[in-house]
Each structure stands twice: as C-alpha cells, then as structure tokens.
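Data first, discussion second: the structure below is written as structure tokens.
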Amino acid sequence: MSSEISSPFAFPAPGKGAALEEDTLLSPRFDANGLITCVAVDAVTGEVLMLAHMNAQALALTIETGEAHYFSRSRGKLWKKGETSGHTQKVREMRIDCDQDAVVIKVEMGGTGAACHTGRRSCFYRMVPLGAAPSAELKLAFTGDAPRFDPAAVYGKDGHGHDH
C-alpha cells in the first residue's frame, strides 16, 4: 500500500473555546513540531498498547485507510504500523480530546498481537513503584508481559523497529 493520501488535505485551523470544545469540526491542534499525541488501546480489552505521535499526513492516512500511521520523531518520517513487523493496527474507533491536541485509537492488532518493538503486547510492560520518594535506586517491576517475537529477527541486529 502506498503511503500517499488520495488528495492533499489541510485540516482546518483550530477554533477557540466552545468552538474548539463543542463544535463537530475536526480541527486538530498540532504542537510546535507539527505533531499530535496518539494513544493506541486494544479495541476489545481497553489495554493501553502504545503511545506515539502523528503529523497531519499520518492522521489523514489513518482516517482514510483505517490502518494506524504514525510519525517517527527519531527517523523524521512517516511510518505505517506493522509495515516491517506485520503487527498492523486496524483502527476500529478514533476519539479526539476536548481541546483537539490528542487522539485515542481503538485498534485490533495484527501479527502476533505485539504492539511494542521489544516484542511485547504493550509498550507499558513495567510498573513504577508508588508510595515512596523516588531515589537513584528506584527499581521498575516487570508486569509479566513476555516478548511474543524476537526483535532482532524482525528488525535486524539493533532490534529497533520504531520509536514513539
């Protein structure tokens, strides 16, 4: 599939106040780098799978194709989720927040069902202990979300398929 939208499209400029919060017009507020935050959750369970960013083209492609597209900040380019790994994200629903600067997409995972480039189901596979002041010795706890695939076999020896 080509990563081209069928026609050039510019989203309307964001409104203010009630126009932004209560209108039915999609007018996303991209940040200074031209990005909007996107949280991907499992369409059935609601589990948070990953957090990534979209530029206007990625957002438009996601809306048009129903497949999640993102913008890689480290590589400076558009990417379709799963184009290398096969772990695609079919978007079942997209919601935008009150001030239109973040979206949540409810997705069905393809491939092994792993959303994370480490091979795990979710990018959020470690817990931060709460209830004590953080220190240099603070240790994260793994959730038990074991890798479902070998990143080096899928992405090459560095094992890094994308960033968020």
Side-chain angles (χ1 to χ4, degrees), residues 1-15 19-31 33-75 77-127 142-151 154-155 159-164:
M1 184 187 103
S2 169
S3 288
E4 299 292 325
I5 40 183
S6 56
S7 60
F9 179 76
F11 289 99
L20 180 68
E21 296 167 356
E22 302 297 336
D23 198 355
T24 57
L25 185 68
L26 176 62
S27 56
R29 290 190 326 128
F30 297 98
D31 69 12
N33 296 313
L35 301 175
I36 190 168
T37 302
C38 176
V39 177
V41 302
D42 183 281
V44 175
T45 68
E47 177 186 15
V48 177
L49 300 174
M50 57 184 276
L51 181 140
H53 298 88
M54 294 178 170
N55 64 2
Q57 184 182 14
L59 180 60
L61 278 167
T62 301
I63 292 167
E64 181 178 324
T65 67
E67 295 281 337
H69 289 73
Y70 300 105
F71 185 82
S72 169
R73 294 176 299 167
S74 64
R75 292 181 289 158
K77 68 178 216 167
L78 181 78
W79 58 283
K80 178 185 174 192
K81 177 69 176 153
E83 65 189 342
T84 301
S85 67
H87 301 112
T88 55
Q89 292 178 340
K90 187 169 206 48
V91 180
R92 292 299 179 202
E93 183 178 303
M94 177 184 284
R95 294 188 182 198
I96 194 158
D97 74 340
C98 56
D99 56 359
Q100 297 200 38
D101 66 357
V103 294
V104 172
I105 56 174
K106 295 182 180 183
V107 302
E108 286 179 14
M109 289 298 308
T112 65
C116 185
H117 75 280
T118 67
R120 292 175 173 88
R121 170 88 176 135
S122 171
C123 295
F124 297 91
Y125 55 87
R126 293 174 292 184
M127 293 181 289
F142 284 85
T143 62
D145 182 4
R148 297 169 178 225
F149 70 90
D150 176 10
V154 173
Y155 301 117
H160 294 287
H162 59 78
D163 78 345
H164 306 292

Does [X] have any salt bridge (charged side-chain N to carboxylate O under 4.0 Å, His left out) partners at least two apart in sequence or in another chain, and if so, which?
X    : value
D145 : none
D101 : R29
R121 : D42, E47
E21  : none

Kindly compute the distance separating [atom1] ([X]) from [atom2] ([Y]), expressed to the nearest 0.5 Å.
X   : Y   : atom1 : atom2 : value
H53 : N33 : NE2   : CG    : 9.0 Å
C98 : L20 : SG    : CG    : 8.0 Å
T62 : M54 : OG1   : CE    : 3.5 Å
L78 : E83 : CG    : CD    : 7.5 Å

Partners passing side-chain hydrogen bond (donor to acceptor under 3.5 Å, both in side chains) against [X] (at least two apart in sequence or in another chain):
X   : value
D23 : none
N55 : none
R95 : E93

[X] to [Y] - nearest heavy-atom pair and separation:
X    : Y    : answer
P12  : L26  : CD-O, 3.3 Å
R120 : A146 : CG-C, 4.0 Å
M50  : Y70  : CE-CE1, 3.8 Å
H69  : A58  : O-CB, 3.6 Å
A13  : S27  : O-CB, 3.6 Å
F11  : L59  : CZ-CD2, 3.7 Å

side-chain contact (heavy atoms from CB on, under 4.5 Å) assessment of F142 paired with R126
CA-CA 4 Å; F142 284 85; R126 293 174 292 184; 3.9 Å; yes
Listed partners of F124 passing side-chain contact (heavy atoms from CB on, under 4.5 Å), at least two apart
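Here the qualifying residues are V48, L51, S122.
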Name every donor-acceptor pair, under 3.5 Å, that has one atom in a side chain of residues 34-41 and the other anywhere in the protein, sequence neighbours excluded.
none

Backbone N/O of [Y] and side chain of [X]: donor-acceptor pair under 3.5 Å:
X    : Y    : result
R92  : A43  : no
T143 : Y125 : yes
Q100 : L25  : yes
K80  : L61  : no

With F149, which residues qualify under ring-ring contact (aromatic ring centres under 6.0 Å, His included), at least two apart?
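Partners of F149 by the ring-ring contact (aromatic ring centres under 6.0 Å, His included) criterion, ordered by chain and then number, come out as H87.
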Any chance you could lay out the side-chain contact (heavy atoms from CB on, under 4.5 Å) test for K90 and E67, step after step, and finish with the verdict?
CA-CA 5 Å; K90 187 169 206 48; E67 295 281 337; 3.9 Å; yes
Taking the side chain as C-beta and beyond, is there a heavy-atom pair between P147 and T118 under 4.5 Å?
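No; the side chains remain at least 4.5 Å from each other.
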